[in-house]
**Student:** 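What follows is a single structure, and I will ask about it in a moment.
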Number of protein chains: 2
Amino acid sequence: MFSQVYSGPTRSKGDRLGADRERQMATIKDVAARVGVSVATVSNALNGKPNVGSAVRRKVLRAAKDLGYRPHRAAQAMRKGRTRAIGLVLPDLTNPFFPQLAQTVENKARKLGLLVCLIDSQDSPEGEADGLTLLAQHGVDGIIWCPVGPRIPRPIHTFGRPVVLIDRPRPGFAVVHSNNLMGGQLLAQYALRHGHTRVGLLSGPRSVESAQQRRNGFVTAHPQQIEIAWEVRVGFDGILPPEACAALLERRGATLVVAGNDLIAINALRWLTQHDVRVPEDVSIVGFDDISWARIVSPRLTTVAQPLVAIGTRAVELLEERLCGAVIASRATVFDVTLVERESVKSI
Amino acid sequence: MFSQVYSGPTRSKGDRLGADRERQMATIKDVAARVGVSVATVSNALNGKPNVGSAVRRKVLRAAKDLGYRPHRAAQAMRKGRTRAIGLVLPDLTNPFFPQLAQTVENKARKLGLLVCLIDSQDSPEGEADGLTLLAQHGVDGIIWCPVGPRIPRPIHTFGRPVVLIDRPRPGFAVVHSNNLMGGQLLAQYALRHGHTRVGLLSGPRSVESAQQRRNGFVTAHPQQIEIAWEVRVGFDGILPPEACAALLERRGATLVVAGNDLIAINALRWLTQHDVRVPEDVSIVGFDDISWARIVSPRLTTVAQPLVAIGTRAVELLEERLCGAVIASRATVFDVTLVERESVKSI
DNA sequence: CATGTGGAGAAAAACGTTTAACTGAGCGCG
DNA sequence: CGCGCTCAGTTAAACGTTTTTCTCCACATG
């Protein structure tokens with residue numbers, strides 16, 4: 001009798017109709033009360049500790065399930081110092097390179113029971129610093145990070161948490177990225193195969209290592225067979241400086257334009273089209289990244305595809321390893337790239 | 001000697017060099033110790049409670065700043081039941097409609113000190129449910145949500161937390177979205193202004209309310225002046241069913257194709273181009289959404305722009321209001337849309 | 001002087017976990 | 001028998017806050 005009255009308030013949480021949950025989630029205490037055992041035992045049972053009998057363990061598991069018990073992550077975080085949340089710090093989601101990455105990272109992380117906390121710094125170092133501080137405050141366990149600046153700021157707030165960089169290596173940090181050198185080489189082979197022996201370069205910024213690699217891969221692959229007619233440096237946002245526009249119009253004998261990434265290639269494409277230069281009839285173009293836009297411009301862009309899914313997945317795996325205590329040396333994981341042939345290149 | 005050894009571990013946290021932080025962040029205890037006051041007083045001072053003298057308050061604030069103290073959010077969460085984190089649940093980041101939304105939401109949220117936890121359900125109801133469970137487990141304070149299914153699943157895990165929907169109204173939930181009806185009307189006026197009196201419709205799915213509104217806005221704006229030559233329903237992913245392809249080729253007198261969104265419009269555009277129908281010379285096309293792709297296809301797409309930034313910002317504001325206890329009735333916030341005139345429409 | 005009154009701060013409890021330390025019971029063994 | 005050991009479980013401390021309750025003291029008022 002009395003026990004019924006007493007148990008009332010507790011019971012009403014999860015018992016009615018099974019899946020019904022009023023507002024508060026069931027706590028470990030509720031489970032303990034229902035089984036008639038101490039909270040410690042419940043915790044031990046739930047965490048697979050050896051010091052709990054199999055009968056009790058079964059009962060606990062059962063009760064937890066019945067009550068729809070979920071551990072209170074904030075409480076766990078307090079005790080263990082782990083939140084099972086990770087930060088994903090990106091420079092700009094509206095750059096079509098990143099959404100698929102974000103999607104992959106989130107999905108892979110969720111499979112591992114990790115929550116992804118997003119920071120979009122809008123390409124601003126201050127925003128990035130703010131975001132990192134916020135992440136640190138929430139105690140995320142680790143960070144997947146595509147840093148905006150060429151250098152990791154000095155007193156950076158990783159707070160001793162593991163970091164995996166994406167796409168942009170920085171000394172002392174683990175990184176996963178594509179084989180940009182190989183990409184450049186693939187493009188060079190491809191150019192040669194289609195008879196292009198004189199090309200113009202719209203290389204990415206000198207400060208971005210991947211841009212440098214792409215360029216060098218291309219330039220050094222067949223140096224005696226491919227001649228660089230001209231080269232202009234362009235930011236990875238694809239905005240063409242006047243010299244680039246001029247070079248595109250003059251061309252100086254180049255039959256192929258090799259762009260540092262798809263954004264650059266697409267802007268070049270548009271500039272050319274606007275000035276009545278036909279692609280690929282008058283000049284061919286190749287890009288790099290295979291962003292979604294490459295498929296919808298016309299002509300569709302021949303480009304080098306990065307294995308975004310593999311990169312995102314691997315970054316999460318790498319981070320998770322480190323979360324679990326593996327103190328692996330900060331190495332780079334490099335993925336092969338593939339050439340995607342479309343219609344922006346004509347054979348000569 | 002011994003006292004040095006003893007005090008080592010504690011002091012080394014925040015005292016050396018002031019801003020130096022070894023690995024643990026400074027705690028409220030450190031601040032209290034430095035000022036020589038109790039932790040309660042520090043907490044009170046930091047939270048602006050009235051029962052602390054102005055001299056002490058100043059000293060506390062100063063010390064907190066010196067130590068780079070940040071409240072431990074997990075600990076706060078335990079006590080207050082608030083995490084200052086929100087969930088952002090989206091169906092598919094690779095759909096170009098969402099990245100800007102996500103960016104806006106994150107930035108606005110960060111300004112309010114809220115951390116954004118991302119879920120990308122990849123258009124799967126199960127993924128969505130998983131994500132919501134994960135969010136609930138982490139105790140996010142509220143959720144901004146663009147639901148994938150036509151209906152909010154029954155035993156859905158919002159756990160009594162406030163929810164603000166985006167773009168897709170569901171009974172009983174607050175929502176912020178664009179005035180799709182108005183968008184349809186704008187398009188009708190625009191069509192008429194350019195002499196299109198016979199049009200084909202590639203409407204969005206009947207099950208999506210916004211699609212319905214867009215269509216109805218268009219159809220009912222000038223019913224006696226615009227004739228609907230044909231109508232085919234297409235999913236918002238833009239994949240054209242055979243009837244749609246057939247209709248595009250035949251056209252049956254339609255001089256303008258009105259698509260349910262940009263994805264549909266762009267696919268139609270490509271289909272037409274592949275079949276040697278020129279746009280806009282042979283037929284005009286308009287879309288809806290003004291996704292980034294609309295700017296890079298050729299011809300660039302005339303479309304209706306949704307104020308994505310306003311929508312994202314407002315959603316966060318609305319949610320924050322609710323977090324702060326305002327129990328406002330679940331209303332819809334509707335934003336005006338604007339017509340963006342580009343080159344996919346020709347006057348007749 | 002005795003008695004409130006209010007202000008400023010301290011002490012302690014609480015949030016939901018995990019974990020270290022402890023307690024008995026049962027058992028084998030010298 | 002009594003010693004130690006293992007098993008299965010309990011108690012209690014701890015994590016970093018916030019909040020409630022408590023204490024102390026100065027001061028005003030009768």
Side-chain angles (χ1 to χ4, degrees), chain A residues 10 13-14 23-60 63-64 67-85 136-139 141 159, chain B residues 9-10 13-14 21 23-61 63-64 67-85 113 136-139 141 159:
Chain A
T10 309
K13 268 178 198 166
R23 38 187 54 258
Q24 352 240 23
M25 296 192 56
T27 136
I28 210 174
K29 233 180 200 160
D30 300 322
V31 180
R34 164 179 273 233
V35 181
V37 84
S38 80
V39 291
T41 300
V42 174
S43 175
N44 286 329
L46 258 23
N47 292 317
K49 294 288 167 62
N51 57 337
V52 37
S54 55
V56 173
R57 164 163 282 134
R58 259 197 309 279
K59 280 203 278 184
V60 167
L67 293 171
Y69 166 78
R70 302 270 153 193
H72 190 303
R73 293 251 160 144
Q76 285 185 314
M78 277 231 69
R79 202 51 246 256
K80 308 220 239 191
R82 306 273 196 75
T83 47
R84 299 300 292 166
Q137 227 175 116
H138 276 266
D141 292 339
F159 296 101
Chain B
T10 308
K13 267 180 201 165
R21 60 199 62 222
R23 35 188 56 259
Q24 348 242 25
M25 295 193 54
T27 134
I28 211 175
K29 230 179 203 160
D30 301 321
V31 179
R34 165 178 273 231
V35 181
V37 85
S38 80
V39 290
T41 301
V42 174
S43 174
N44 287 328
L46 258 24
N47 292 317
K49 294 289 168 59
N51 57 337
V52 37
S54 54
V56 172
R57 164 165 279 133
R58 258 196 309 279
K59 281 203 279 185
V60 167
L61 260 39
L67 293 172
Y69 166 78
R70 302 268 154 193
H72 189 302
R73 293 248 160 146
Q76 285 185 314
M78 277 230 69
R79 206 46 248 249
K80 307 220 238 191
R82 308 275 195 75
T83 47
R84 300 300 292 166
Q137 227 175 115
H138 276 266
D141 292 340
F159 296 101

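Proteins get letters first, then strands, A, B, ... in listed order; numbering begins at 1 in each.
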**Student:** Just so I know, are the side chains of B:V42 and B:V35 near enough to count as touching, which here means a heavy-atom distance under 4.5 Å?
**Tutor:** no
**Student:** Encode nucleotides 6-18 of chain C as B, S and - characters from 5' to 3', where the letter depends on protein heavy atoms closer than 4.0 Å: B to the base, S only to sugar-phosphate, - to neither.
**Tutor:** --SBBB-BBBBBB
**Student:** Would you mind reporting whether A:L67 and A:R34 have side-chain heavy atoms less than 4.5 Å apart?
**Tutor:** yes
**Student:** If you round to the nearest 0.5 Å, how far is OG of A:S43 from CD of A:Q76?
**Tutor:** 8.5 Å
**Student:** What's the angle between the local helix axes at either end of the helix from C:dC1-D:dG30 to C:dG30-D:dC1, using five pairs per end and rounding to 10 degrees?
**Tutor:** 70°
**Student:** Do other residues, nucleotides or ligands put more than 12 heavy atoms under 6.0 Å from the CZ atom of A:R57?
**Tutor:** yes
**Student:** Working to the nearest 0.5 Å, report the span between CG of B:D30 and OH of B:Y69.
**Tutor:** 10.0 Å
**Student:** Does A:K49 offer a backbone N or O that forms a donor-acceptor pair with the side chain of A:N44 under 3.5 Å?
**Tutor:** no
**Student:** Which residues pass the salt bridge (Lys or Arg N to Asp or Glu O under 4.0 Å) test with A:R84, sequence neighbours left out?
**Tutor:** A:E320
